[in-house]
Peer 1: 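Right, I'll just put the structure down here and ask away after.
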Amino acid sequence: MTAQNPWQGRDDSAESGDTRRLHQIVRHDDDYGVGDAVLAGFASDAGVARNQGRVGAREAPQVARRALANLPAHALHALWDAGDVLCEGDTLEAAQSAQAQRVAQILGCRARLVVLGGGHEIAWADYQGLRDHLYASEGPGGRLLVLNLDAHFDLRTSRPGNSGTPFDQILQDARERSLPVRYACLGVSLLGNTPALYQRANELDVYWREDTEMQERQLDARLADIDRLLAEAEHVYLTIDTDALPASVAPGVSAPAPYGVPLSVVEACLQRVKASGKLRLADIAEFNPQYDIDGHTARAVARLAWQLLQPLTA
């Protein structure tokens, strides 16, 4: 992974008005608190490698930071960069444990956290941190919606865990702890999931919609679906797999989608969840810079992360 500082960009301070860009407001201390925007990375390829996918997502957090650095700050007055948890080799479980502890600590400060993966094994790590924050003895409790925008269910039952197992791990954990967790997956590709995975989704009462139902002409219906899911939950964990986007928008992923969900639809879903006031944690997974073309995927990831980092009143 490159050691170069990613937070570099244009300086327009000689111009009049608000010319701040993210690289000019980034901080690396831990003096964040209620409502502050915190960005963190989970640099891991281990789950993708275990899942027989194309590795390279380990580099994504730093590349995404570089794409974010030059974006205008707008309503953000400060952005904290909490750095990366690194997964060395196949030490995935140790890295996930470290990530979970970090997520719980940041959320305990009531900051707004956005995490950049890494493979989708990030979801099992981030969920554990959110779980420990919500359901510890002093936690707020309440029903949790795990909303995944993804071409894949990621409900594989094989163990040890990998990038294809995190939501099965989450639902198994919720059952064992009697926690009120609901899983919804929007953007599922019929060509990317076996009949066994559809059967598993039905067994686990997963709410799902295929990518053919996630186009702009169906946006109002999908936002209504999201509203119903939000009404049943007190908290939301939003996780976005970059491979939900069409390959023309996001070529830099482990499993490119020839059809996919338009970026405008993904962004509208994100904004609806954010506007609910129930979003507690968000992450973006499976960006693989090794296969990107002219920075297309990096810019799409940066746009989504920027939307998540902006305050609700922006």
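Worth knowing before you read on, the calculation uses all heavy atoms, side chains too, and leaves out hydrogens, waters and symmetry mates.
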Peer 1: Taking the side chain as every heavy atom from C-beta outward, state whether Leu245 and Val266 have any pair of such atoms under 4.5 Å apart.
Peer 2: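 Result yes, sub-4.5 Å side-chain heavy-atom pair found.
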Peer 1: Using a strict threshold of under 4.0 Å (side-chain N to carboxylate O), is an ion pair present between Asp84 and Arg102?
Peer 2: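 Answer for the salt bridge query: no.
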Peer 1: Can Glu93 and Arg50 be counted as an ion pair, charged N to O under 4.0 angstrom?
Peer 2: yes
Peer 1: Atom CD1 of Ile122 and atom SG of Cys87: how far apart are they, to the nearest 0.5 Å?
Peer 2: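 So the CD1 of Ile122 and the SG of Cys87 are separated by 12.0 Å.
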Peer 1: Taking the side chain from Asn288 and the backbone from Gly252, do they hold a donor-acceptor pair closer than 3.5 Å?
Peer 2: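 No, because the side chain of Asn288 does not come within donor-acceptor range (under 3.5 Å) of the backbone of Gly252.
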Peer 1: Is the side chain of Thr242 donor-acceptor paired with the backbone N or O of Ala285 at a distance under 3.5 Å, no angle test?
Peer 2: yes
Peer 1: In a check of side-chain contact (heavy atoms from CB on, under 4.5 Å) between Ser254 and each of Gln52, Arg54, His120, which one passes?
Peer 2: Arg54
Peer 1: With side-chain hydrogen bond (donor to acceptor under 3.5 Å, both in side chains) as the criterion, how do Glu203 and Gln199 come out once you've worked through the C-alpha distance, each side chain's angles and the decisive distance to 0.1 Å?
Peer 2: CA-CA 6 Å; Glu203 289 171 355; Gln199 180 180 346; 3.2 Å; yes
Peer 1: Taking the side chain as everything from C-beta on, heavy atoms only, tell me whether Asp132 gets closer than 4.5 Å to Val103.
Peer 2: no
Peer 1: Let me confirm one number: the CG-OH distance from Leu134 to Tyr127, rounded to the nearest 0.5 Å.
Peer 2: 9.0 Å
Peer 1: If hydrophobic clusters are built by linking Ile, Leu, Val, Met, Phe, Trp and Tyr wherever their side-chain heavy atoms come under 4.5 Å apart, do Val146 and Val114 end up in the same one?
Peer 2: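 They do not share one cluster, since no chain of ILVMFWY contacts under 4.5 Å joins Val146 to Val114.
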Peer 1: Do Leu113 and Ile25 land in one hydrophobic cluster if side-chain heavy atoms of ILVMFWY residues count as linked below 4.5 Å?
Peer 2: no
Peer 1: Show your reasoning for whether side chain to side chain contact (heavy atoms under 4.5 Å, CB included) applies to Phe287 and Val253.
Peer 2: CA-CA 5 Å; Phe287 168 35; Val253 295; 5.7 Å; no
Peer 1: Are Arg65 and Asp81 ion-paired here, with the side-chain N under 4.0 Å from a carboxylate O?
Peer 2: yes
Peer 1: Nearest 0.5 Å, please: how far is OH in Tyr237 from CG in Asn148?
Peer 2: 8.0 Å
Peer 1: Under a 4.5 Å cut-off applied to non-hydrogen side-chain atoms, are Ser44 and Leu92 in contact?
Peer 2: yes
Peer 1: Please verify the inter-ring angle class for Tyr183 with Phe167; under 30° counts as parallel, over 60° as perpendicular, anything in between as tilted.
Peer 2: parallel
Peer 1: Report yes or no: does Asp18 contribute a side-chain atom to a donor-acceptor pair with the main-chain N or O of Arg20 at less than 3.5 Å?
Peer 2: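 Yes; judged by distance alone, with no hydrogens or angles, the pair exists.
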Peer 1: Would you say Leu107 ends up clustered with Leu309 if hydrophobic residues are merged whenever their side chains have heavy atoms under 4.5 Å apart, either directly or through other cluster members?
Peer 2: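 No; tracing contacts between hydrophobic side chains, which count when under 4.5 Å, never links both residues.
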Peer 1: Ignoring hydrogens and angles, tell me if any N or O in the side chain of His235 forms a donor-acceptor pair with the backbone of Leu281 under 3.5 Å.
Peer 2: no
Peer 1: Between Leu76 and Pro311, is there a side-chain heavy-atom distance shorter than 4.5 Å?
Peer 2: yes
Peer 1: Check for me, please, whether Tyr207 and Tyr198 land in the same ILVMFWY cluster - side-chain distances under 4.5 Å, paths through other members count.
Peer 2: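 Result: no, two separate clusters.
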Peer 1: Just so I know, are the side chains of Tyr259 and Ser189 near enough to count as touching, which here means a heavy-atom distance under 4.5 Å?
Peer 2: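 Not in contact.
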Peer 1: When rounded to the nearest 0.5 angstrom, what distance separates CG in Leu238 from CG in Leu149?
Peer 2: 5.5 Å
Peer 1: About how many Å separate CG of Leu279 and CG of Leu270, when rounded to the nearest 0.5 Å?
Peer 2: 7.5 Å
Peer 1: Val188 and Met214: same hydrophobic cluster, using ILVMFWY side-chain contacts below 4.5 Å?
Peer 2: no
Peer 1: Could you check whether any side-chain N or O of Asp294 sits under 3.5 Å from a backbone N or O of His296, counting only pairs where one atom can act as donor and the other as acceptor?
Peer 2: no
Peer 1: For the backbone of Glu213 and the side chain of Arg222, can you confirm whether one donor and one acceptor N or O come within less than 3.5 Å of each other?
Peer 2: yes
Peer 1: Do the side chains of Arg112 and Asp36 get close enough for a salt bridge, i.e. N-O under 4.0 angstrom?
Peer 2: no
Peer 1: Would you find a donor on one side and an acceptor on the other, under 3.5 Å apart, between the side chain of Gln101 and the backbone of Ala98?
Peer 2: no
Peer 1: For Ser16, check side chain to side chain donor-acceptor pair (under 3.5 Å) against everything at least two apart and list the hits.
Peer 2: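 So Ser16 forms no side chain to side chain donor-acceptor pair (under 3.5 Å) with any residue.
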Peer 1: Run the salt bridge (charged side-chain N to carboxylate O under 4.0 Å, His left out) test on Arg299 and Asp292 for me, step by step, so that the C-alpha distance in whole Å, both residues' side-chain angles and the decisive distance to 0.1 Å come before the verdict.
Peer 2: CA-CA 10 Å; Arg299 283 190 286 271; Asp292 204 4; over 6 Å; no
Peer 1: Between His23 and Gln8, is the side chain to side chain contact (heavy atoms under 4.5 Å, CB included) condition met? List the steps.
Peer 2: CA-CA 6 Å; His23 72 89; Gln8 303 179 62; 5.7 Å; no
Peer 1: Arg175: what forms a side-chain contact (heavy atoms from CB on, under 4.5 Å) with it, not counting sequence neighbours?
Peer 2: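 Arg175 satisfies side-chain contact (heavy atoms from CB on, under 4.5 Å) with Leu171, Gln172, Arg200, Leu204 only.
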Peer 1: Can you list the steps and then say if Glu121 with Asn162 is a side chain to side chain contact (heavy atoms under 4.5 Å, CB included)?
Peer 2: CA-CA 6 Å; Glu121 62 266 27; Asn162 57 57; over 6 Å; no
Peer 1: Among Arg143, Lys278, Arg182, find the residue that satisfies the salt bridge (Lys or Arg N to Asp or Glu O under 4.0 Å) test when tested with Glu232.
Peer 2: Arg182
Peer 1: Please step through side-chain hydrogen bond (donor to acceptor under 3.5 Å, both in side chains) for the pair Gln169 and Thr165, ending with a clear verdict.
Peer 2: CA-CA 6 Å; Gln169 292 174 281; Thr165 64; 2.9 Å; yes
Peer 1: Not counting sequence neighbours, which residues clear side chain to side chain donor-acceptor pair (under 3.5 Å) with Asp12? List them please.
Peer 2: Arg10, Arg21
Peer 1: Go through it in stages, so that I can follow the logic: the residues are His152 and Asn193, the test is side-chain hydrogen bond (donor to acceptor under 3.5 Å, both in side chains), and I'd like the CA-CA distance, side-chain angles, deciding distance and then a yes or no.
Peer 2: CA-CA 6 Å; His152 306 95; Asn193 297 270; 5.5 Å; no
Peer 1: Just wondering, do Arg27 and Leu79 contact through their side chains at under 4.5 Å, heavy atoms?
Peer 2: no
Peer 1: With a 4.0 Å cut-off, would you call Glu267 and Lys274 a salt bridge?
Peer 2: no
Peer 1: Counting distance only, does the side-chain N/O of Trp306 pair as donor-acceptor with the main-chain N or O of Pro72 below 3.5 Å?
Peer 2: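 Yes, because the side chain of Trp306 sits within donor-acceptor range (under 3.5 Å) of the backbone of Pro72.
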Peer 1: Donor-acceptor pair, Glu286 side chain versus Val48 backbone, under 3.5 Å?
Peer 2: no
Peer 1: How many angstroms lie between CG in Leu186 and CG in Asp211, if you round to the nearest 0.5 Å?
Peer 2: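 It is 11.5 Å, given to the nearest 0.5 Å.
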Peer 1: So Glu88 and Arg58, salt bridge (charged side-chain N to carboxylate O under 4.0 Å, His left out) or not? Walk me through it.
Peer 2: CA-CA 10 Å; Glu88 302 292 351; Arg58 174 185 168 90; 3.5 Å; yes
Peer 1: Evaluate the side chain to side chain contact (heavy atoms under 4.5 Å, CB included) criterion for residues Phe42 and Leu116: first the C-alpha distance (whole Å), next the side-chain angles of each, then the deciding distance (0.1 Å), finally the verdict.
Peer 2: CA-CA 6 Å; Phe42 183 69; Leu116 302 170; over 6 Å; no
Peer 1: Arg159 side chain to Thr157 main-chain N or O, any donor-acceptor pair under 3.5 Å?
Peer 2: yes
Peer 1: Could you please spell out the steps behind the salt bridge (charged side-chain N to carboxylate O under 4.0 Å, His left out) verdict for Arg156 and Asp168?
Peer 2: CA-CA 6 Å; Arg156 297 183 185 278; Asp168 190 69; over 6 Å; no
Peer 1: Side chains of Gln271 and Gln307: donor-acceptor distance under 3.5 Å anywhere?
Peer 2: yes
